Protein chains: 2
Amino acid sequence: MPARRKRADALRNEQTLLAAAAAVFVTSGVDAPIREIAARAGVGVGTIYRHFPTRADLVVAVYRHQVEACAEAGPKLLADAESPLAALRQWVDLFVDFLVTKHGLANALQSDGSGFDALHAYFLDRLVPVCAQLLDAAVDAGEIGPGTRAYELMRGIGNLCVGRDDDPRYDPRRLVELLIRGLRRPRSS
Amino acid sequence: MPARRKRADALRNEQTLLAAAAAVFVTSGVDAPIREIAARAGVGVGTIYRHFPTRADLVVAVYRHQVEACAEAGPKLLADAESPLAALRQWVDLFVDFLVTKHGLANALQSDGSGFDALHAYFLDRLVPVCAQLLDAAVDAGEIGPGTRAYELMRGIGNLCVGRDDDPRYDPRRLVELLIRGLRRPRSS
DNA sequence: GACAAAACGGAACACTGCTCCGTATATTAA
DNA sequence: TTAATATACGGAGCAGTGTTCCGTTTTGTC
């Protein structure tokens, strides 16, 4: 049982860091140098690593509430929408929104590199079950064919959102829409 | 008018470098350290930079002939296959083959910052017209709906192939297949 | 063989991520 | 209040990148 509670300056710094990281992420993307975030927060790099051992931990902390909102929207949409497929569409739209507005996040999500495993794991643990529920409902309703798994679909969507976001020739949403259409059960035999 | 022709050792080194780079790319991906390629070729890093000022130049040179093969296969498939859509499928399959076997190349295809612009441009110049031809033929044959552009489709496919290739839960081909299915013209109005 | 142009090699610089430990501070007990 | 101790902090320092620069070596020509 921990008798001592967390020190006040540690708590303060954690908040400062989250704010600084959020600010830097919108400016320079989630790949911004750690030193830049440290400077912005007015702390040493050691402090960042103590609070958030990996970069992914920091990213997760910054975006946790938004991921949570996305996860909670799933069942809600399923209850409210016209059909399971409609709910799935709307949910995917939310997910894409989230990915493209945080620039670089989609890249980080697919990165197989050294330190993003935690981010990967967190997203998946939290969102894959939600996506699976929507998918299953649509299958049960006969709107889409079986065989596609939530993990794969989500990673596919994430991948489609990767890349520079200022290219008018490439709109991730159009391709995601194509992917969803490809999910539909064939009309004729 | 350049009186002198290129020196013999320079030509020799260029070939050595291309071979070394090709070998290293399949081992460590296109992001392999320059020093590793230099060591493999038995030259200094300066020599690499002299022959290929940017990493993209090197990558382009190494994969040029494979891209060429893919480009040439387009019209051939269109002539031989049962239908334009079938040809498109087969061509996309070839394209995916190319992307996944050279792991990391898909990353290069979408990479924004580092300097893959040359590779990007080459890919696009060479392959987009081929893809467009197949796409148009399938539209004309009434097999798929209009509105999808070759550039966007190719980038989408490239993005879907991004990521670690040893994960049984994620098979790029399944998702690409979904994407192609999404292209199809709806059967019933 | 002598000479200049071309090419080479790799040390050196700049910029990353990340660790480590001496110093400073907050909390608690006396 | 003061002393003791756990906790947290800062940033120098290490390791691994890409890239440049220039003294040295090789090549081609006369």
Side-chain angles (χ1 to χ4, degrees), chain A residues 1-21 24-25 27-61 104 107-108 111-119, chain B residues 1-21 24-25 27-61 104 107-108 111-119:
Chain A
M1 186 62 64
R4 281 172 188 251
R5 65 181 184 283
K6 211 179 219 175
R7 267 173 51 166
D9 57 345
L11 286 168
R12 213 180 326 117
N13 268 329
E14 194 161 320
Q15 293 310 309
T16 307
L17 274 175
L18 284 175
V24 170
F25 284 170
T27 305
S28 315
V30 294
D31 288 322
I34 295 287
R35 280 169 173 76
E36 186 180 339
I37 300 171
R40 172 73 161 248
V43 305
V45 290
T47 300
I48 292 196
Y49 280 101
R50 198 168 319 103
H51 285 282
F52 308 100
T54 78
R55 169 180 238 100
D57 293 324
L58 182 56
V59 175
V60 167
N107 301 58
S111 165
D112 52 343
S114 36
F116 283 101
D117 295 340
L119 180 61
Chain B
M1 187 66 62
R4 283 173 187 251
R5 66 181 186 284
K6 212 178 218 175
R7 266 172 52 168
D9 57 344
L11 286 168
R12 212 182 324 117
N13 267 329
E14 195 162 318
Q15 293 311 307
T16 308
L17 274 174
L18 284 176
V24 170
F25 284 170
T27 306
S28 315
V30 291
D31 289 323
I34 295 288
R35 281 169 173 76
E36 186 179 338
I37 300 170
R40 174 74 163 246
V43 305
V45 288
T47 300
I48 292 196
Y49 280 100
R50 199 169 318 104
H51 284 283
F52 308 99
T54 78
R55 169 179 237 105
D57 293 324
L58 180 56
V59 177
V60 166
N107 290 293
S111 167
D112 50 339
S114 23
F116 282 101
D117 296 339
L119 174 63

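Lettering of chains follows the sequences in order, A, B, ..., and the numbering in each one begins at 1. Only a predicted model underlies this, so the values are computations on that prediction, with no experimental measurement involved.
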*Counting only distance, no hydrogens or angles, is the base of C/dA6 paired donor-acceptor with the side chain of B/Arg7 under 3.5 Å?*
yes
*Any B/Thr47 side-chain nitrogen or oxygen under 4.0 Å from OP1 or OP2 of C/dG9*: yes
*Report the nucleotide, chosen from D/dG18, D/dT27, C/dT27, that has the shortest atom-to-atom distance to any side-chain atom of B/Arg12.*
D/dT27
_Any base atoms under 4.0 Å from A/Ala39, or only sugar-phosphate, or nothing? Heavy atoms, all strands._
nothing
*B/Arg50 side chain: which of D/dG10, C/dG17, C/dC8 is closest?*
C/dC8
*Report the nucleotide, chosen from C/dC8, D/dC9, D/dG18, that has the shortest atom-to-atom distance to any side-chain atom of B/His51.*
C/dC8
*Got A/Val59 and A/Phe25 here, is their nearest side-chain heavy-atom distance under 4.5 Å?*
yes
*asked:* Measuring from the side chain of B/Val45 (C-beta onward, heavy atoms only), which nucleotide among C/dA26, D/dG10, D/dT20 has the closest atom?
replied: D/dT20
*Mapping A/Pro53 and B/Asn13 onto DNA chain C by nearest heavy atom, which one lands closer to the 5' end?*
B/Asn13
*Specify the closest pair of heavy atoms between A/Ala61 and A/Leu18, including all atoms of both residues, with the distance to one decimal.*
CB-CD2, 3.6 Å
*asked:* Just by distance, no angles: are the side chains of B/Asp57 and B/Thr54 close enough, under 3.5 Å, to form a donor-acceptor pair?
replied: yes
*Nearest listed nucleotide, side chain of A/Ala8, among C/dC8, C/dG17, C/dA26*: C/dA26
*Closest to the A/Tyr49 side chain: C/dT16, C/dC18, C/dC8?*
C/dC18
*Taking N and O atoms by type only, does the side chain of B/Arg35 place a donor or acceptor under 3.5 Å from a partner on the base of D/dG16?*
no
